[in-house]
Amino acid sequence: MKNYAIYDKSLDRKTPIGYLFYFEDSRSYVVELCEDLDQWEAPLLFQRSVCEREYTIEEDVVSMWIRERVIPPSRQNIGAILRNHKMKEYNEMALLALSGGRCSQDDCYIREVSFEDIPATIQGRQRETLAECLPTEDGALLCLFRDGVVCKVEPDKLVNVHPDASRVARYKLLLDSVKVGAGGYAAVFDETIRISYKILRREGVWIPLSAKDFYAFVSRNILDTTGVCDILQCSRQNLAYLVKENKIRPIIQGTKENMYLKGEVERLKAD
C-alpha cells in the first residue's frame, strides 16, 4: 500500500485536506478526508460526501477524480509517453505520481507519505474496516472487523440501503464468492458488487458464534506455514523473521507448524 497526502495550495491551510491510499495488488484506491474540511474546501467530486459528513471516499468516486488528473489511455501518442517515462504499461497511479496529482481544474496536488505520518484519527478509521467476511450456513455474512467487532449480517435486510443486496441474498454462488476488498473497505462479491464496511457494520447484529460458523471460518481462512510461504513467496526462514518482527502473528503456534489468518497474510502481502 502507498499513501499520499492531498494538499490544496489555494486554501489557507498548510496541512493536508485528506489522504489517498493506493493498494498496489488490486490497483484500487480510497481517499480519507480530514474531518475539519469544509464542504467548499473539498474537491468538487467530494463535496457531496463532505456535506453529508461522509469523509471516506470509495473507489468509484476516487477513480473519477484520478482520471481527471492523468493522461487517458486513448491519447494518440500514449505509447511514446509511456516509453519516455520508462513505463511498460498504462498505470493511472504511476502517471498520477509523476505529475504530483496536479491538473488544470483545481490547485490540488499529492505527496507520498509514510503511514506513521497520517493523523491518528484517520489511522483509527482503518482499524474499523473489515478483517474477514465469510458466508454462514444459513445464508448470512459473518463480518469480523479489525477492532474486534463481530457482526452477522442478513443480506436481504440490506435491500433498502444497497441496490444489489437482493441479488446477494438470492444467489448462493454470489454469496459464496465474497471476499474482503482492498484495505477492508468493502465486502466484494464476484468482483462486481461492493458493499461498504460501514453498511455491514451499521446494519449487522452481534450474535454468539455457532459451531458451523467456526468450522466455516477455519476451512476458509486458516493457513499453515506452507500455505503462508506460498502466498508470500518466501522461505520458512523469512516467515520466521516476519513473526519475530511482529509483521504477522500466528494464531496457533505448534512444534512443527504454525497456523495463520489468511486475511492477515494477504494484508501483509498488499502492504
Side-chain angles (χ1 to χ4, degrees), residues 1-3 16 18-23 25-26 28-37 49 52-59 62 113-136 140-155 157-158 161-162 165 178-189 194-210 213-214 216-218 220-223 228 242-243 245-253 259-271:
M1 183 175 71
K2 290 188 176 181
N3 319 299
Y19 294 86
L20 168 65
F21 299 100
Y22 175 57
F23 304 95
D25 278 2
S26 58
S28 56
Y29 322 90
V30 169
V31 163
E32 293 282 8
L33 297 175
C34 297
E35 293 186 12
D36 65 342
L37 193 66
S49 294
E52 296 173 351
R53 302 184 67 82
E54 176 56 68
Y55 299 101
T56 299
I57 313 297
E58 296 192 19
E59 184 175 1
V62 178
V113 296
S114 68
F115 190 74
E116 290 71 23
D117 294 329
I118 295 171
T121 52
I122 290 180
Q123 290 188 29
R125 292 183 206 169
Q126 290 204 341
R127 285 193 289 271
E128 295 180 349
T129 58
L130 278 168
E132 307 287 351
C133 187
L134 60 145
T136 65
L141 291 170
L142 188 65
C143 301
L144 289 77
F145 297 88
R146 293 184 181 180
D147 61 357
V149 173
V150 177
C151 292
K152 195 170 185 180
V153 182
E154 305 287 345
K157 295 182 180 179
L158 303 180
V161 293
H162 196 284
V178 67
K179 68 176 185 179
V180 176
Y185 279 89
V188 181
F189 303 84
R194 294 171 54 87
I195 300 182
S196 168
Y197 80 95
K198 290 190 175 183
I199 292 176
L200 298 172
R201 194 178 177 100
R202 184 178 67 241
E203 303 295 330
V205 176
W206 181 88
I207 62 168
L209 298 181
S210 69
D213 295 334
F214 175 76
F217 177 79
V218 171
R220 293 169 180 264
N221 294 280
I222 303 298
L223 296 173
V228 175
L242 293 173
V243 172
E245 293 295 309
N246 292 319
K247 299 291 185 181
I248 188 172
R249 56 182 181 179
I251 58 170
I252 299 175
Q253 289 185 303
M259 307 302 289
Y260 301 82
L261 282 174
K262 183 179 179 182
E264 284 201 7
V265 176
E266 291 179 339
R267 281 195 296 277
L268 178 62
K269 181 181 178 182
D271 291 341

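Below, each value reflects all heavy atoms present in this structure, side chains not excepted, and no hydrogens, waters or symmetry copies.
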Item to complete: Mark yes when over 12 heavy atoms from residues, nucleotides or ligands other than Lys262 sit less than 6.0 Å from its NZ; otherwise mark no.
Response: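 Atom NZ in Lys262 is not crowded, with 12 or fewer foreign heavy atoms closer than 6.0 Å.
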Item to complete: For atom CZ of Arg249, decide whether the heavy atoms of other residues, nucleotides or ligands shown that lie under 6.0 angstrom number more than 12.
Response: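 No, not enclosed.
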Residue pair [X] / [Y]: nearest heavy atoms and the distance that separates them:
X      : Y      : value
Val188 : Gly181 : CG2-CA, 3.7 Å
Arg146 : Gly184 : NH2-N, 4.1 Å
Leu134 : Ala216 : CD1-C, 3.7 Å
Val153 : Leu200 : CG2-O, 3.6 Å
Pro155 : Ala165 : O-CB, 3.5 Å
Ser28  : Ala182 : OG-CB, 3.1 Å

Which value, rounded to the nearest 0.5 Å, describes the distance between [X] atom [atom1] and [Y] atom [atom2]?
X      : Y      : atom1 : atom2 : result
Met1   : Arg267 : CE    : CZ    : 11.0 Å
Asn221 : Met259 : CG    : CE    : 11.5 Å
Ile251 : Leu261 : CD1   : CG    : 4.5 Å
Arg125 : Thr56  : CZ    : OG1   : 5.0 Å
Ile122 : Glu35  : CD1   : CD    : 8.0 Å
Lys269 : Asp25  : NZ    : CG    : 5.5 Å

Donor-acceptor contact below 3.5 Å, side chain [X] vs main chain [Y]:
X      : Y      : result
His162 : Arg194 : yes
Thr129 : Gly183 : yes
Glu203 : Lys157 : no

Residues which pass side-chain hydrogen bond (donor to acceptor under 3.5 Å, both in side chains) with [X], listed by chain and number, not counting sequence neighbours:
X      : answer
Glu58  : Ser196
Arg201 : Asp147
Lys179 : Glu191
Glu266 : none

Worksheet item: Is any side-chain heavy atom of Phe21 less than 4.5 Å from a side-chain heavy atom of Ile118?
Response: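 Yes, close enough: below the 4.5 Å cut-off.
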Worksheet item: With sequence neighbours excluded, what pairs up with Tyr185 under the ring-ring contact (aromatic ring centres under 6.0 Å, His included) test?
Response: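 Listed in chain order: Tyr197.
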Fill in: Tyr29: partners by ring-ring contact (aromatic ring centres under 6.0 Å, His included), with sequence neighbours left out
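Partners of Tyr29 by the ring-ring contact (aromatic ring centres under 6.0 Å, His included) criterion, ordered by chain and then number, come out as Tyr22.
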Worksheet entry | Worked verdict on Ile248 versus Val243 for side-chain contact (heavy atoms from CB on, under 4.5 Å) | CA-CA 5 Å; Ile248 188 172; Val243 172; 3.9 Å; yes
Discussion item. Using the rule given for side-chain contact (heavy atoms from CB on, under 4.5 Å), can you reason through Leu130 versus Phe145, listing the C-alpha separation, both sets of side-chain angles and the distance that settles it, and then say yes or no?
Written reply: CA-CA 4 Å; Leu130 278 168; Phe145 297 88; 3.7 Å; yes
Discussion item. Between Val30 and Val62, is the side-chain contact (heavy atoms from CB on, under 4.5 Å) condition met? List the steps.
Written reply: CA-CA 6 Å; Val30 169; Val62 178; 5.6 Å; no
Worksheet item: Where do Leu268 and Tyr260 land on the side-chain contact (heavy atoms from CB on, under 4.5 Å) test, with the steps shown first?
Response: CA-CA 12 Å; Leu268 178 62; Tyr260 301 82; over 6 Å; no
